[in-house]
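Just so it is clear: chains get the letters A, B, ... in the order the sequence lines come, proteins before strands, and each one is counted from 1.
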Amino acid sequence: MSVLAVAPALAPGKAAPYVIAAYVIFLALVLTYVTIMAVRLVRAEREVAELRREVQDRDALGGDVEERELETARR
Amino acid sequence: MQPPTYARGLRGLSIATIATITLAFGLTFFYAPLDADQGFIQKIFYLHVPLAIVSLCGFVLGGVFAIAHLRTDDRRYDMRSYVAIHMALIFSVGALITGSIWAKASWGHWWVWNEPTLVSFLIVVLMFATYQPLRFSIEDHERQARYASVFAIVAGAFVPLNFIAVRLAQGLVHPRVLTLTGGHLPGSMRLTFLVSLAGVALLYATLWKYELTAKDARMQLRSLRRTVLSDAAVTPLGRSAAPS
């Protein structure tokens, strides 16, 4: 006897939790993925800000050295 | 600054995905009639079947990109293949879970081991689940990409063969609603199913592009860091399953 033969269709009232569960799980999967992507994006933004700060610090340091070299040359 | 190539068209694709999925959900619950045999539980069909179809197509797509990688030796194809398989795995987990819920409600069992369609799908998923550990086990990035591509091609070719073998099998419990002769779906159900399939396919394409854009941005950032600062300032990449 097949499984279908021993398992009659559920009444709409009884089937609703299963249908809701399936759709909620699907939405939860998508939402989890989007959350992971958002966390990664925040991390990337932080790295960009860090890189920008390091470049600015380096440029500022380079400018000071250049000024001192120019002054030495003038003397 | 030139935007990364992968991000092109992403906004439009995202909007189209949200619109199509909303329409599909609307059609599922407010337009498609109740199935005469299964009743309300058949509504899972509009989610479960598109997820299964799109995930199987995603595995094949991973194989197609892997062929392109081996032919051209372009690492971008390896990345595309990796992301296609990664996304297909997520979708296949969705298909397995929704299928199990449907099976429990419809057949009274979470899983039926003597049903070829279910078991063959599980075999495909388990086979592709070894893809990431395979990549992770190979430290050298060049070799990792090549071996992963060979795996993706062989496993990708197995998907349609497996599908045909199951179709030819006898004693199916799993219903056959999509056949070459037109299937048994009435017009309203067919329309709802096709919109749902389009929605899930668009979702796959959108997430695939998002993942590629994110990975590409991270690689560019790393390369920029190495150029602007120095190699010493960039922490070396550890062993990773993802292409780098």
Side-chain angles (χ1 to χ4, degrees), chain A residues 1-70, chain B residues 17 21 25 28-29 34-48 50-51 86-87 90-91 93-95 97-109 112 114-115 171-175 200 203 206-207 210-211 213-215 217-218 220-222 224-225 228-229 233-234:
Chain A
M1 198 192 300
S2 78
V3 178
L4 273 180
V6 295
L10 294 174
K14 286 187 177 173
Y18 290 101
V19 176
I20 292 167
Y23 279 84
V24 165
I25 285 171
F26 167 72
L27 291 175
L29 262 178
V30 175
L31 209 65
T32 307
Y33 181 79
V34 171
T35 309
I36 293 169
M37 292 300 286
V39 170
R40 284 184 188 167
L41 182 66
V42 168
R43 201 182 299 152
E45 276 180 341
R46 205 168 41 223
E47 274 183 49
V48 169
E50 198 181 299
L51 187 62
R52 188 177 291 134
R53 207 169 37 245
E54 283 182 38
V55 169
Q56 280 169 351
D57 287 353
R58 204 183 63 160
D59 285 352
L61 203 69
D64 285 352
V65 171
E66 272 175 29
E67 270 178 33
R68 259 182 272 139
E69 278 173 358
L70 275 172
Chain B
T17 302
I21 285 188
F25 281 13
T28 300
F29 292 105
L34 283 182
D35 183 76
D37 290 333
Q38 297 208 22
F40 189 64
I41 195 68
Q42 185 265 350
K43 299 284 181 193
I44 296 180
F45 164 78
Y46 302 108
L47 182 64
H48 165 70
L51 278 174
H86 176 75
M87 295 313 312
I90 296 171
F91 276 58
V93 169
I97 295 171
T98 52
S100 275
I101 293 170
W102 193 7
K104 177 65 182 168
S106 206
W107 304 335
H109 302 278
V112 181
N114 57 5
E115 167 51 47
L172 295 160
V173 171
H174 199 278
V200 174
L203 179 68
T206 308
L207 296 181
Y210 264 115
E211 184 80 39
T213 309
K215 287 207 184 305
R218 254 199 320 276
Q220 282 189 40
L221 186 66
R222 198 173 168 77
L224 198 64
R225 207 175 161 81
V228 171
L229 303 171
V234 183

To the nearest 0.5 Å, what is the distance between [atom1] on [X] and [atom2] on [Y]?
X	Y	atom1	atom2	value
I101(B)	Y18(A)	CD1	OH	9.5 Å
M87(B)	Y33(A)	CE	OH	4.5 Å
F40(B)	I20(A)	CZ	CD1	6.5 Å
E47(A)	L224(B)	CD	CG	11.0 Å

Pair count under 4.5 Å, heavy atoms only, with chain A: among L47(B), I90(B), I44(B), I97(B), highest is L47(B)

Given L221(B), L51(B), T98(B), the one with more heavy-atom pairs under 4.5 angstrom with chain A than any other is L221(B)

Under a 4.5 Å heavy-atom cut-off, does chain A meet the side chain of [X], its backbone, both or neither?
X	value
F91(B)	neither
L203(B)	side chain
T28(B)	side chain
Q42(B)	neither

So M37(A) and E211(B), do their side chains get closer than 4.5 Å, heavy atoms only? yes

Less than 4.5 Å apart, any side-chain heavy atom of V34(A) and any of Y210(B)? no

Given ring pair (Phe, Tyr, Trp, His ring centres under 6.0 Å), test Y46(B) with Y23(A) step by step and report yes or no. CA-CA 10 Å; Y46(B) 302 108; Y23(A) 279 84; 8.7 Å; no

Do the side chains of E50(A) and R225(B) get close enough for a salt bridge, i.e. N-O under 4.0 angstrom?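 Yes.
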
For side-chain contact (heavy atoms from CB on, under 4.5 Å), just list the numbers for R40(A) and R218(B), CA-CA rounded to whole Å, side-chain angles, deciding distance to a tenth of an Å, and then say yes or no. CA-CA 9 Å; R40(A) 284 184 188 167; R218(B) 254 199 320 276; 3.5 Å; yes

Contact part of I36(A) toward chain B, heavy-atom cut-off under 4.5 Å: side chain, backbone, both or neither?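 No part of I36(A) comes within 4.5 Å of chain B.
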
